[in-house]
Amino acid sequence: MSDLHTPLRPKRKKVLVDYLVQFRWIVVIFVVLPISSLIYFKLFLGDTWSAMKSEKRRQKEHDENVKKVVKRLKERDPKKDGLICTARKPWIAVGMRNVDYKRARHFEVDLSAFRNILQIDKERMVARVEPLVNMGQITRYTCPMNLSLAVVAELDDLTVGGLINGYGIEGSSHLFGLFSDTVVAMEVVLADGRVVRATKDNEYSDLFYAIPWSQGTLGFLVAAEIKLINIKEYMKVTYKPCRGNLKELAQAYADSFAPRDGDPSKIPDFVETMIYTPSEGVMMTGVYSSKEEAKKKGNKINNQGWWFKPWFYQHAQSALKKGEFVEYIPIREYYHRHTRCLYWEGKLILSFADQWWFRWSLGWLMPPKVSLLKATQGEAVRNYYHDMHVIQDILVPLYKVGEAMEFVHKEMEVYPLWLCPHRLYKTPIKTMIYPEAGFEHHHRQGDTPYAQMFTDVGVYYAPGPVLRGEEFNGSEAVRNLEQWMIENHCFQPQYTVSELNEKDFWRMFDAEHYEYCRRKYGAVGTFMSVYYKSKKGCKTEKEVAEAEAAIAESAYAEEV
């Protein structure tokens, strides 16, 4: 076994906020869950009504809404009004970081109407959708056609706009890359009100490559064309337990989807791994299967989507006791297998929600809306979660996954861990995230000449020291993790709680092309820069104005 000794920590004395968190289940059950179910039902009705409209009508409404955005932008007086941002309330964002940038004076633009699926083009195999279309909505629309987005993020509430401007991954990303890699074209409203269509090979190709990871700081995304693939009705899932130290588990995980002999027939359609302890994990691989195959005598069908079913991560964990097994899950239920329990975060929100009696009686109310959880937690509870809870994704080269898990264990001791591979492509333009220089010459497992294989190590839960009642410095642990990531060519999605200062932020990400597009398309002095939008804590109007003025001055100096 690797040396995984964790430091001894003194016991932590409980304070008032500990009891607020302990009894938070009362608010969740009697307030958050009922309101969440009403919101979900309302959204479902809205999505159903939208699907009933003709494509022509949806396109007409889209064009009208784009004109409203352009008109609103032209009403802004740069000398009097603040920086431009959406009118969405800060707590609505799906993510744990403080969204305090809106505390600075700002000029709001309402994008709430952009939630329609505009067209499913079966000939081009492209879905044209608006930015507020979420994953649950689009799978409900496309799966009956045996079509799907190439990458479908697991949680229902994740939106197209958030996944393109930010970060999105799924079990198919070892084949297709990140969500933004599956985008064919983007319709963007620029700071000056121009509406442009950006693709990889038109005159706005520089903008096309700059938008991913920019957090909406280059313009307003109002539509996107995204790659579709053909699918079947079921996913044949194989659950394979594995034991060993963390580096041995990492190697078994790599072997599950990247065969050492390079045989493409051994590469599954879907893959993920969950590490439950420092010595135990379950590797899951999936292959699309027809309903005829799934219903053959002797095959087991698991309707995982029913509200009373055991939570998926616990169901997968059963392989550690009963050994390897195979089952068939209806495709849409498989896509959203982590939604009901929010991976395993549901266990922290409601400690008893995974029990059979709760699943049968109230499981149909799950999951709570993340936005409502944030809206009802208050400042003290929010700060508690930032200090005593971890929501991190580490995008790490595949060959360093074992080291990454050992570092996470040492600093945070969080389990389960989620492993999901993805390609990081070489692109004609160097973007904010990029493969290691010369990776193609090393011929490492999973790599190709055109893409390096990375892995998302998902770290979501309360650290071991917190669960044991010991002292834990969450900010220090995150800082240490971020420095390790910078030194090992890793990347951190901006939705997480980050401790990076501006210098280290741009050590992790490449600023050159992003800043070039900021200047070229008039975003400087109009939209907040991505660092300040992602930065933890309050952003005063003075702080933002000074930062933007400094950027504007440097841009002017370069032009001169």
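Computed from heavy atoms alone, side chains included, the values below leave out hydrogens, waters and symmetry copies.
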*asked:* Please check: side-chain N/O of Glu225 versus main-chain N/O of Val126, any donor-acceptor pairing under 3.5 Å?
replied: no
*Carboxylate-amine/guanidinium proximity below 4.0 Å for Asp121 and Arg128*: no
_Pair Lys227 + Asp181, salt bridge at N-O below 4.0 Å_ = no
_Would Arg337 and Tyr334 count as a cation-pi pair here, with the cationic atom under 6.0 angstrom from the ring centre and within 45° of the axis?_
yes
*For the ring pair Phe505 and Phe509, is the centre-to-centre distance below 6.0 Å?*
yes
*asked:* Over 60° means perpendicular and under 30° means parallel, so tell me whether Tyr239 and His315 are parallel, tilted or perpendicular.
replied: perpendicular
_Heavy-atom side-chain contact between Glu170 and Phe176 under 4.5 Å_ = no
*Would you check if the side chain of Thr142 reaches a backbone N or O of Leu147 as a donor-acceptor pair within less than 3.5 Å?*
yes
_Over 60° means perpendicular and under 30° means parallel, so tell me whether Tyr495 and Tyr167 are parallel, tilted or perpendicular._
parallel
*In plain terms, say whether Glu130 and Arg115 are close enough for a salt bridge, that is, a side-chain N and a carboxylate O under 4.0 Å apart.*
no
*Step through it carefully: locate the ring centre of His389, locate the ring centre of Tyr384, and say whether they are under 6.0 Å apart.*
no
*Side-chain (Trp344) to main-chain (Tyr460) donor-acceptor, under 3.5 angstrom*: yes
*Under 30°, 30 to 60°, or over 60°: which ring-plane class applies to His338 and Trp418, parallel, tilted or perpendicular?*
perpendicular
*Hey, what's the ring geometry for Phe491 with His489, parallel, tilted or perpendicular (30° and 60° as the breaks)?*
perpendicular
*Please check if the side chain of Gln392 supplies one atom and the backbone of Val497 the other of a donor-acceptor pair under 3.5 Å.*
yes
